[in-house]
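Only a predicted model underlies this, so the values are computations on that prediction, with no experimental measurement involved. Index from 1, following the sequence.
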Amino acid sequence: MRCVVTGGGPAGMMTGFLLARAGVEVAVLEKHPDFNRDFRGDTIHPSTFELMHELGLLEEFLQVPHQEARELHAVFNGEDVPIADFTHLPTQCQFIGLMPQWDFLSFLAKHARALPSFHLHMETKVTDLIIESGVVVGVKAQTPKGEEEMRADLVIGADGRHSTVRARAGLPSRDLGAPIDVLWMRLSRQPNDPEQTAGYFENGMLMVAINREEYWQCAMIIPKNAFGGMQTEGLPAFRDRIGRVVPFLRKRAEELTAWDEIKLLTVQIDRLTEWAREGVLCIGDSAHAMSPAGGVGINLAIQDAVATANLLAAKLRSGSVNLDDLRAVQRRREWPTRLIQAAQVFIHRRIDGRPSAHHAKLPVIFRLLRAFPLLRRLPARLVGIGPRPEHVRSPAAA
């Protein structure tokens with residue numbers, strides 16, 4: 001096998017698809033039996049739609065059920081503020097798509113499976129790396145048939161922020177700190193509710209409500225490690241918090257009758273200082289865990305995948321790759337990662353979910369965005385396209 005990719009998330013599936021499209025023999029290993037996991041990020045950015053266009057798949061992709069957000073809004077202490085306007089982006093699709101991640105991954109898997117050099121192994125959990133003379137030459141994995149060894153010229157770790165590949169490779173990392181955690185939940189949606197997806201700020205507290213047509217997918221920002229204390233205070237206090245932040249959901253909060261209906265996402269922001277060693281490369285959350293702020297983690301992971309295929313596909317097809325080849329991926333993708341993470345750290349230092357007794361004034365940046373529509377193009381560009389957008393350069397195999 002030329003390449004084994006661990007993890008069937010956005011980075012892993014896109015990498016596997018693009019490498020197989022270029023004629024590289026590749027296996028993607030996904031530990032779950034399907035892609036259907038609740039409360040994963042589900043934003044499809046204009047840059048990802050652009051990649052689908054470059055692959056000739058956009059028209060079909062747009063048939064997958066999704067919602068389209070052409071603007072992003074914030075509601076700050078009851079005042080509506082437009083934040084980002086995507087309608088001016090130089091892309092095929094000038095909106096953020098809201099699509100369950102399992103639908104996106106299933107779409108990629110369907111087209112990847114049509115390629116003869118692509119192999120998808122579900123219920124296959126990587127447990128260790130195979131290292132010989134200091135070089136990674138494959139993985140050990142637990143499969144439905146028992147433990148197996150899979151050898152490859154290159155192992156790509158795309159198995160998320162708790163990456164086994166990252167841990168077993170012993171790659172050094174830097175923790176940037178994150179003062180928040182996120183609580184995910186669903187609340188029903190009614191006909192008279194607002195249409196727009198928005199972030200609701202209320203005296204230091206923040207909740208994002210994502211319109212999923214039949215329901216609201218909600219993310220409550222809370223201080224780091226505060227969930228235990230909230231559970232001690234009880235569900236009525238938590239439901240009251242929801243009502244204070246998003247008044248139209250006050251009655252809907254009563255739908256939450258047990259804590260297991262509320263999922264905790266422990267937020268971390270870190271990145272590897274070295275993404276690779278001989279025989280192994282980490283990308284996506286395995287290389288740089290992101291905060292949910294801006295919903296850009298998926299976008300960054302997919303951009304990593306495209307850069308990886310652009311830089312490595314031809315070399316993998318004709319032979320093996322060396323450490324310098326792998327480090328080229330880090331050189332290509334590291335500064336966009338640093339820029340986005342710096343922005344996230346900046347945001348979290350100012351918004352950490354702690355209630356304030358003072359009625360805060362509308363921040364200057366929000367006033368400017370409301371007063372000058374042209375300024376809304378900048379956050380739209382940063383969120384929708386991101387720094388250093390990638391384009392498909394790896395050729396399709398004949």
### Query
Side chains of Asn310 and His391: is there a donor and an acceptor less than 3.5 Å apart?
no
### Query
Hey, are Gln217 and Arg186 close enough side-chain-wise for a donor-acceptor pair under 3.5 Å?
no
### Task
Apply side-chain hydrogen bond (donor to acceptor under 3.5 Å, both in side chains) to the pair Asp304 and His288, showing each step before the final yes or no.
CA-CA 11 Å; Asp304 284 359; His288 43 75; 2.6 Å; yes
### Message
If hydrophobic clusters are built by linking Ile, Leu, Val, Met, Phe, Trp and Tyr wherever their side-chain heavy atoms come under 4.5 Å apart, do Val383 and Leu374 end up in the same one?
### Response
no
### Task
Search all heavy atoms of Arg244 against all heavy atoms of Met205 and return the closest pair with its distance.
NH1-CE, 3.8 Å
### Task
Determine the minimum heavy-atom distance between Thr124 and Ala141, stating which atoms define it.
CG2-CB, 3.7 Å
### Task
Just say parallel, tilted or perpendicular for the rings of Trp259 and Phe227, cut-offs at 30° and 60°.
perpendicular
### Query
Would you find a donor on one side and an acceptor on the other, under 3.5 Å apart, between the side chain of Arg370 and the backbone of Val81?
no
### Note: Arg151-Glu132 ion pair, threshold 4.0 Å (strictly below)
yes
### Message
Please report whether the ring centroid of Phe201 lies less than 6.0 Å from that of Phe366.
### Response
yes
### Phe248 vs Trp216, ring pair (Phe, Tyr, Trp, His ring centres under 6.0 Å): CA-CA, chis, key distance, verdict
CA-CA 12 Å; Phe248 77 87; Trp216 292 101; 5.6 Å; yes
### Message
Please find the pair of heavy atoms, one from Met13 and one from Leu105, that lie closest to each other, and give the distance.
### Response
CG-CD2, 4.0 Å
### Query
Is the backbone of Leu171 close enough, under 3.5 Å, to the side chain of Glu274 for a donor and an acceptor to pair up by distance?
no
### Query
Can you tell me how far the OG1 atom of Thr43 sits from the CD1 atom of Ile210, to the nearest 0.5 Å?
7.5 Å
### Ile283-Val321 co-clustered via ILVMFWY side chain contacts under 4.5 Å
yes
### Task
Would you sort out whether Phe104 and Phe35 count as a ring pair (Phe, Tyr, Trp, His ring centres under 6.0 Å), showing the intermediate values?
CA-CA 9 Å; Phe104 172 58; Phe35 300 120; 9.9 Å; no
### Task
For Thr127 and Thr164, run side-chain contact (heavy atoms from CB on, under 4.5 Å): C-alpha distance rounded to whole Å, both residues' side-chain angles, the deciding distance at 0.1 Å, then the answer.
CA-CA 7 Å; Thr127 57; Thr164 298; 5.8 Å; no
### Query
Taking atom types as modelled, is there a side-chain donor on Asn299 or Ser47 under 3.5 Å from an acceptor on the other?
yes
### Task
Please determine, by modelled atom types, if Arg271 and Gln341 share a side-chain donor-acceptor pair under 3.5 angstrom.
yes
### Message
Using 0.5 Å steps for rounding, measure from the CD atom of Gln303 to the CD1 atom of Ile298.
### Response
12.5 Å
### Task
Please name the pair of heavy atoms, one in Pro82 and one in Leu369, separated by the smallest distance, quoted to 0.1 Å.
O-CB, 3.7 Å
### Query
Does Arg277 use its side chain to pair, donor to acceptor, with the backbone of Gly170 at less than 3.5 Å?
no
### Query
Going through the distances and angles, do Arg70 and Gln94 end up as a side-chain hydrogen bond (donor to acceptor under 3.5 Å, both in side chains)?
CA-CA 7 Å; Arg70 287 172 169 76; Gln94 297 169 320; over 6 Å; no
### Under 3.5 Å side-chain donor-acceptor pair for Gln196 and Asp80
yes
### Message
Test side-chain contact (heavy atoms from CB on, under 4.5 Å) on Arg21 and Val392; report intermediate values, then the result.
### Response
CA-CA 11 Å; Arg21 177 178 174 271; Val392 177; 3.7 Å; yes
### Query
Under 3.5 Å, is there a donor-acceptor pair between the Ser291 and His348 side chains?
yes
### Summary
What one should report as the nearest heavy-atom pair of Leu281 and Val329 is CD2-CG2, 4.0 Å
### Summary
Phe86 and Glu71 have their tightest heavy-atom pair at CD1-N, 4.1 Å
### Query
Going only through I, L, V, M, F, W and Y residues with side-chain contacts under 4.5 Å, is there a path from Leu206 to Met290?
yes
### Message
With a 4.5 Å cut-off on side-chain heavy-atom distances among I, L, V, M, F, W and Y, is there a chain of contacts connecting Val306 to Leu154?
### Response
yes
### Task
Could you check Arg241 against Met220 for side-chain contact (heavy atoms from CB on, under 4.5 Å), going step by step and ending with a plain yes or no?
CA-CA 10 Å; Arg241 181 185 178 109; Met220 174 72 77; 3.6 Å; yes
### Task
Report the C-alpha separation of Ser286 and Asp159 in whole Å, then their side-chain angles, then the decisive distance to 0.1 Å, and conclude whether the side-chain hydrogen bond (donor to acceptor under 3.5 Å, both in side chains) test is met.
CA-CA 6 Å; Ser286 298; Asp159 47 342; 3.2 Å; yes
### Query
Taking the six-membered ring for Trp, is the centroid-to-centroid distance between Phe49 and Phe61 below 6.0 Å?
yes
### Query
Going by atom types only, do Asp270 and Gln268 share a side-chain donor-acceptor pair under 3.5 Å?
yes
### Query
Strictly by modelled atom types, are His111 and Glu60 linked by a side-chain donor-acceptor pair under 3.5 Å?
yes
### Task
Dump the intermediate steps for side-chain contact (heavy atoms from CB on, under 4.5 Å) on Leu311 and Asp325, then the final yes or no.
CA-CA 8 Å; Leu311 292 166; Asp325 296 327; over 6 Å; no
### Query
Between His119 and Glu25, do the side chains contain an N or O donor and an N or O acceptor separated by less than 3.5 Å?
yes
### Task
Hey, could you give me each pair passing salt bridge (charged side-chain N to carboxylate O under 4.0 Å, His left out) that has a residue in residues 115-126? Not counting sequence neighbours.
none
### Task
Could you note down all residue pairs passing salt bridge (charged side-chain N to carboxylate O under 4.0 Å, His left out) where residues 380-397 supplies at least one of them, sequence neighbours left out?
Arg332-Glu390, Arg333-Glu390
### Task
Find out if a path of hydrophobic residues (ILVMFWY) with successive side-chain heavy-atom gaps under 4.5 Å connects Ile302 to Leu120.
yes
### Query
Quick check: are there more than 12 heavy atoms from other residues, nucleotides or ligands sitting under 6.0 Å from CZ of Arg367?
yes
